[in-house]
Amino acid sequence: MEPGNLITCVLALLFCITPTIPAAPRASSPACDVNMDPSRVVVRFGDPVTVTCSTTREDVLGAGWESSVSPVNEPDSKIAVWNVSSLTVWDAEPKCFINYMNEPRQCVEKLDLVIYKYPESVSLIAPDFMKIGVESTITCQVLDVAPARYFSVKLYKGDEQLGSRSFNHDSTRFPVNESIPFPVTPTRTGNGAEYTCVAELQLGPGGPKPNPEKRSPSLKIPVFYKPSLLSAAEENVEVREGGSIVLKCSADGSPAPTYEWKYPKADNVQEITKDGVSTVNITRASSSNARVYECHAKNIYGVATKNITLTVKGASSPACDVNMDPSRVVVRFGDPVTVTCSTTREDVLGAGWESSVSPVNEPDSKIAVWNVSSLTVWDAEPKCFINYMNEPRQCVEKLDLVIYKYLESVSLIAPDFMKIGEKSNITCQVLDVAPARYLSVKLYKGDEQLLNRSFTHDSTRFPVNESIPFPVTPTRTDNGAEYTCVAELQLGPGGPKPNPEKRSPPLKIPVVYKPSLLSAAEENVEVRDGGSIVLKCSADGSPAPTYEWKYPKADNVQEITKDGVSTGQYL
């Protein structure tokens, strides 16, 4: 390889090669003529390989192969055969060269050679369980596979492909181990689903068909979620005095929920729970059974509450008549509250309020006022009751009461940096807010809303801390962008306007990415003998790339790097 100089610019992990710079060709110079058969070789590590290199030109001095294994030199021959009985090196990089009497005196061509190795093993790494609606990571671990750039990994849930990842920008020739995280946000239907990872080598023309692939053992991951009722949360039912009725409560949850009923115990009432359904069985119903029956379906992730209002009707029983003013109350924790309960029926024995704070009992009155100077309990659960001379002898109604608390703080938790094209989690952390079911959390990039999360199914009354992960896949343009989290209480009718909200301090998260060339990766240039030329190499990367040139050093070559551009100058 005598003529010209081979100059290579090494940029971080990316190589940009500016090949041979020959002297300017003469008008009558014959062209290079190097033919390989086959032109592309795909061979398994350890298998044999044979490639023939030839030329049709007549002014041949000889042919051969440069390679780290089985080099060849054939003087006075137009043909050179590279033959390896067992290819056991990864960096053979065979190049065929042919030397001529006339210009160009040497022609060199690199063989398109792909050496591959099947994955040694494919496995899944996953959490012991996942929570519904919360992003988790399932990792495919692939060991000892090559080459990376032809490697593809897919994650399946049953027969459904959830995600795919390829490595076509990875120029590593040697076997690699890869751990590929796939974000998964499960639903209820995902409970008990089987996950599988499939690693595939897509080797292209000349490669084995079908594409070599290996599957991980399948893995079942439980999905946990708080109970949700399988019927309406509020229900009104009737039974004739002396009759029987069954009140049912059932919920879906993981782990399976347990049930607790709240009502005045009586000899004619029996509770039974079977096959995920809890019932209250009432026989020989009387006016004392007429009230609200509360069913609480619980597991470690939450509670779902069902209220069943039972009316026991006689032949001529008047209807319940309970009026509240206001009918819905939204009050800040620690503020005063006043609600009046009344009836228009005349056969009244008295009225009152059941509550964990400031209970009221007003005998011989059609009106009862629940008045609290400073509401400092979260589970007051006030219910107005009115007792009558005739059936129904007692009517009970629960106040629609919302006790709220402004957000204590809102902040962002994020990685020190993100990588372009890879999913990262930016977490909004909201502290000491109530109630959760009216909370809405949004993530912004600048003025652009990226994602939104609400908690309408959360029946927790007490203040909670919430950490909400938002998946973000950044691009180059996101480098230096500001992220903000906004938490808002949407309290509905009777609540403060505008809705109370709090913003996190803005956060800038660097986006890092490997260098990409700002010009072609392969370039051929010419210079007249005795002339000057400047070879340029520039790339965009974060952090900003450094440059290193590789070529035979000479006194007439100078390297300069300035303003993100590196040059090699032949003087």
Side-chain angles (χ1 to χ4, degrees), residues 1-36 39-40 53 55 65-67 91-100 102-114 147-150 167-173 204-205 420 476 513-571:
M1 297 180 64
E2 298 166 0
N5 291 313
L6 185 63
I7 299 180
T8 305
C9 161
V10 182
L11 174 58
L13 296 177
L14 185 69
F15 292 85
C16 62
I17 300 177
T18 306
T20 305
I21 307 175
R26 298 173 184 170
S28 59
S29 296
C32 271
D33 177 56
V34 179
N35 306 303
M36 294 192 193
S39 60
R40 185 176 193 265
C53 178
T55 184
W65 288 86
E66 288 184 355
S67 173
D91 54 353
E93 294 191 335
K95 301 180 187 76
C96 174
F97 65 87
I98 301 180
N99 296 324
Y100 301 99
N102 303 310
E103 294 291 345
R105 292 185 179 278
Q106 186 181 70
C107 292
V108 180
E109 189 165 322
K110 184 177 178 180
L111 174 63
D112 185 0
L113 173 64
V114 178
R149 68 182 180 276
Y150 296 111
F167 301 83
N168 46 26
H169 297 295
D170 192 330
S171 59
T172 307
R173 295 180 298 251
I420 187 171
R476 278 178 168 81
Y513 46 91
K514 73 177 183 179
S516 62
L517 295 170
L518 298 177
S519 57
E522 302 285 338
E523 193 174 343
N524 295 302
V525 296
E526 295 178 352
V527 62
R528 288 282 179 187
D529 195 14
S532 298
I533 192 169
V534 177
L535 310 179
K536 293 183 179 180
C537 180
S538 60
D540 173 39
S542 176
T546 58
Y547 296 85
E548 178 188 356
W549 290 84
K550 288 188 177 180
Y551 58 90
K553 303 301 180 185
D555 293 338
N556 66 333
V557 181
Q558 182 182 16
E559 295 177 25
I560 299 174
T561 299
K562 185 178 179 183
D563 298 329
V565 178
S566 185
T567 60
Q569 301 183 17
Y570 273 75
L571 307 175

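Nearest heavy-atom pair across Thr55 and Ile98 is CB-CD1, 3.5 Å. Across every non-hydrogen atom of Glu109 and Val34, the tightest pair is OE1-O, 3.6 Å. A pairwise comparison of heavy atoms in Ala539 and Pro545 identifies O-CG, 3.9 Å as the closest pair. Among all heavy-atom pairs drawn from Ser532 and Val527, the shortest one is O-CG2, 3.7 Å. The minimum heavy-atom distance between Trp549 and Cys537, with the atom names listed, is CZ2-CB, 3.7 Å. Between Arg476 and Lys514, the shortest heavy-atom contact is NH2-O, 3.9 Å.
The side-chain contact (heavy atoms from CB on, under 4.5 Å) test applied to Thr561 returns Tyr547, Ser566, not counting sequence neighbours. A search for side-chain contact (heavy atoms from CB on, under 4.5 Å) contacts involving Lys553 returns Tyr551, Glu559, not counting sequence neighbours. Every residue two or more places apart in sequence or in another chain that forms a side-chain contact (heavy atoms from CB on, under 4.5 Å) with Asp112 is listed here: Arg40, Val114.
Of the inter-residue distances, the one linking Lys95 atom NZ with Trp65 atom CH2 reads 11.0 Å to the nearest 0.5 angstrom.
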